[in-house]
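Below you'll find the structure, written out as structure tokens, and then a few comments.
First the proteins, then the strands, lettered A, B, ... as listed; each starts at 1.
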Number of protein chains: 2
Amino acid sequence: MSVYTAGSLKAELHDRGWRLTPQRETILHVFQELPAGEHLSAEDLYHQLESQRAGISLSTIYRTLKLMARMGILRELELGEGHKHYEINQPYPHHHHHLICVRCNKTIEFKNDSILKTGTKTAEKEGYHLLDCQMTIHAVCPTCQRALMPL
Amino acid sequence: MSVYTAGSLKAELHDRGWRLTPQRETILHVFQELPAGEHLSAEDLYHQLESQRAGISLSTIYRTLKLMARMGILRELELGEGHKHYEINQPYPHHHHHLICVRCNKTIEFKNDSILKTGTKTAEKEGYHLLDCQMTIHAVCPTCQRALMPL
DNA sequence: TTTCAGTTGAAAATTATTTGCAATAATCGG
DNA sequence: CCGATTATTGCAAATAATTTTCAACTGAAA
Ligand SMILES: [Mn+2]
Ligand SMILES: [Mn+2]
Ligand SMILES: [Zn+2]
Ligand SMILES: [Zn+2]
């Protein structure tokens with residue numbers, strides 16, 4: 001869980017016999033510039049790049065998101081909307097977690113240092129190489145509690 | 001996060017204007033009998049019920065899994081296999097978390113009491129009604145570290 | 001037992017994500 | 001810089017999980 005620059009991205013890709021492409025650089029850049037608290041789906045990213053006339057195909061976007069998540073550069077989030085969302089994976093002190101309403105999917109971020117510590121220790125104990133650790137709280141938000149909505 | 005019986009399931013369904021059906025009872029029962037550490041996908045559940053000649057349609061299974069997850073009876077898990085898995089949602093001391101290899105999806109369960117405490121406190125602070133809280137560690141298992149597999 | 005809204009099953013529809021493949025381009029050795 | 005090699009891209013087609021539609025059915029309450 002480290003901070004990536006275009007340079008370190010290139011190095012890490014080369015380590016594995018992969019290449020640095022303009023598409024990969026552009027996508028990393030979008031996430032690095034993403035305001036705190038925002039999460040992008042593949043489709044979101046596709047449209048954002050389109051509007052910046054950086055036109056990258058959806059296939060490449062899907063491939064890159066998966067690649068960067070598996071590398072530990074991005075975090076893959078399940079926010080209850082039926083598709084994945086991504087954000088940059090940052091170490092302490094930016095590392096954070098999500099509280100999600102299962103009815104309306106409203107998401108609140110929160111921090112808690114002990115979680116990352118637990119994750120690090122647990123992975124280490126099992127001999128796993130840590131990429132990301134997330135705590136997800138599923139709950140019903142105040143608004144939805146009142147709403148008495150079906151399901 | 002409480003323990004459900006057929007009776008309390010009925011009560012909780014009725015509270016919301018819903019009904020207890022044999023299908024719902026059967027599905028809850030399967031999860032109650034599920035050995036610790038096992039997780040079922042919709043398809044898994046479908047086949048397991050089929051082999052027990054309890055034939056419940058896939059649609060109903062999907063509907064019931066979602067319903068029970070939203071009620072807090074089941075936990076919905078993203079174990080990296082491209083489809084959701086479910087297990088019964090149990091309070092302390094059975095409450096646990098998952099360490100997943102992003103390459104081969106091997107999953108290890110672990111316990112940590114402070115996580116549930118953090119979840120309870122965080123939800124409460126925001127006025128959310130807690131249903132479930134899970135910590136998920138994404139990492140590379142020892143075997144996959146050696147394998148040097150692509151992606 | 002009657003009523004009525006919630007539930008089911010089967011089939012069709014949707015939608016996120018992946019894959020095949022030919023064209024393109026990043027990297028490397030000379 | 002140049003040519004060979006092989007990863008990567010874009011597009012279209014394929015997959016696969018999940019949802020929806022709708023008519024028939026059935027719990028629950030009176
Ligand atoms: Mn976030
Ligand atoms: Mn489990
Ligand atoms: Zn809500
Ligand atoms: Zn593995």
Side-chain angles (χ1 to χ4, degrees), chain A residues 6-7 9-28 39-47 49-50 53-71 74 76-86 102 105 148-151, chain B residues 6-7 9-28 39-47 49-50 53-71 74 76-86 102 105 148-151:
Chain A
L9 171 62
K10 180 166 190 169
E12 191 128 341
L13 286 167
H14 285 194
D15 275 356
R16 317 184 188 204
W18 301 334
R19 296 173 185 178
L20 179 62
T21 65
Q23 289 89 338
R24 288 174 180 173
E25 226 170 332
T26 302
I27 289 173
L28 175 60
H39 308 110
L40 298 181
S41 66
E43 206 77 31
D44 292 339
L45 179 57
Y46 179 68
H47 289 121
L49 288 167
E50 197 175 40
R53 62 203 61 252
I56 297 180
S57 77
L58 245 191
S59 318
T60 296
I61 288 180
Y62 273 108
R63 283 186 284 233
T64 305
L65 290 173
K66 179 184 263 190
L67 178 81
M68 292 186 173
R70 290 219 186 323
M71 290 175 74
L74 298 180
E76 198 167 70
L77 309 173
E78 200 53 67
L79 302 177
E81 303 191 11
H83 48 253
K84 290 169 181 140
H85 281 80
Y86 296 81
V102 299
N105 297 325
L148 246 311
M149 283 195 268
L151 239 193
Chain B
L9 171 63
K10 179 166 191 168
E12 192 128 340
L13 285 167
H14 285 194
D15 276 355
R16 318 183 187 203
W18 300 334
R19 297 176 183 173
L20 179 62
T21 63
Q23 288 89 337
R24 289 175 179 172
E25 226 171 332
T26 302
I27 289 173
L28 175 60
H39 310 110
L40 298 182
S41 66
E43 206 77 29
D44 292 339
L45 179 55
Y46 178 68
H47 289 120
L49 287 167
E50 197 176 39
R53 62 203 61 250
I56 297 181
S57 77
L58 246 191
S59 320
T60 296
I61 286 179
Y62 273 109
R63 282 186 287 234
T64 305
L65 291 173
K66 179 183 263 190
L67 178 83
M68 292 186 174
R70 290 221 187 320
M71 290 175 74
L74 297 180
E76 196 167 70
L77 308 173
E78 200 53 66
L79 302 179
E81 302 192 12
H83 48 254
K84 290 169 180 140
H85 282 79
Y86 296 82
V102 300
N105 298 325
L148 245 312
M149 283 197 266
L151 240 190

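Between the side chain of B:Ser59 and the base of C:dA10, at least one donor-acceptor pair of N or O atoms lies under 3.5 Å. For C:dG6, the base has no donor-acceptor partner in the side chain of B:Arg16 [N/O atoms by modelled type, under 3.5 angstrom]. For a distance-only test at 3.5 Å, the side chain of B:Arg63 fails to qualify as a donor-acceptor partner of the base of C:dG6.
Side-chain N/O atoms of A:His83 include none lying less than 4.0 angstrom from OP1 or OP2 on C:dT15. Between A:Arg19 and C:dA25 there is no side-chain polar atom (N or O) within less than 4.0 angstrom of OP1 or OP2. At least one side-chain nitrogen or oxygen of A:Tyr62 sits closer than 4.0 Å to the OP1 or OP2 atom of C:dT17. Close to C:dA26, at under 4.0 Å from its OP1 or OP2, lies no side-chain N or O of A:Lys10. Between B:Thr21 and the phosphate of C:dT7, there is no side-chain N or O to OP1/OP2 separation shorter than 4.0 Å. A sub-4.0 Å separation between OP1 or OP2 of D:dT19 and a side-chain N or O of B:Lys66 is present.
Among the nucleotides C:dA10, C:dG6, D:dT8, the one closest to any side-chain atom of B:Ser57 is C:dA10. Across D:dG10, D:dA29, D:dT19, the shortest atom-to-atom separation from the side chain of B:His14 is found for D:dA29.
A straight line from CG of A:Leu20 to C1' of D:dT9 spans 14 Å, rounded to a whole angstrom. Taking atom CD1 on A:Ile56 and atom P on D:dT9, their separation rounds to 8 Å, with Å as the unit. At whole-Å resolution of the value, CG in B:Leu67 and P in C:dT7 are 8 Å apart. Rounded to a whole Å, the NE2 atom of B:His85 is 12 Å from the C1' atom of D:dA17. Put simply, CG on B:Asp44 is 11 Å from P on D:dA17, counting in whole angstrom units. In this structure, CD of A:Glu43 is placed 13 Å from P of C:dT18, rounded to the nearest angstrom. C:dT27 atom P lies 15 Å from atom CD of A:Glu12, rounded to whole Å. Here the P atom of nucleotide C:dT18 and the CD1 atom of A:Ile61 are 13 Å apart, to the nearest Å.
In this structure, the separation between CD on B:Glu25 and CG on B:Leu28 is 8.0 Å, given to the nearest 0.5 Å. One distance of note links CG of A:Leu65 with CG of A:Leu40; it measures 8.5 Å at 0.5 Å rounding. Going from atom CG of B:Leu67 over to atom OG1 of B:Thr60 covers 11.5 Å, rounded to the nearest 0.5 Å. The OH atom of B:Tyr86 sits 13.0 Å away from the NE2 atom of B:His39 when rounded to the nearest 0.5 Å. Here B:Glu12 contributes atom CD and B:Met71 contributes atom CE; the two are 4.5 Å apart, rounded to the nearest 0.5 Å. With rounding to the nearest 0.5 angstrom, the NZ atom of A:Lys84 is 11.0 Å from the CG atom of A:Leu77.
Counting non-hydrogen atoms under 4.0 angstrom, A:Leu58 reaches nothing in the nucleic acid. Nucleic acid contact for A:Gln23: sugar-phosphate only, since backbone atoms but no base atoms lie under 4.0 Å from a heavy atom of the residue.
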- For the pair A:Asn105 and A:Leu79, evaluate side-chain contact (heavy atoms from CB on, under 4.5 Å) and give the outcome as yes or no after the intermediate values. CA-CA 7 Å; A:Asn105 297 325; A:Leu79 302 177; over 6 Å; no
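Side-chain atoms of B:Arg24 come within 3.5 Å of backbone N or O of B:Arg19 as a donor-acceptor pair.
If you find the closest nucleotide of DNA chain D to B:Pro22 and to A:Gly55, the one lying nearer the 5' end belongs to A:Gly55.
Rounded to 10 degrees, the angle separating the terminal helix axes of the helix from C:dT1-D:dA30 to C:dG30-D:dC1, each built from five base pairs, is 60°.
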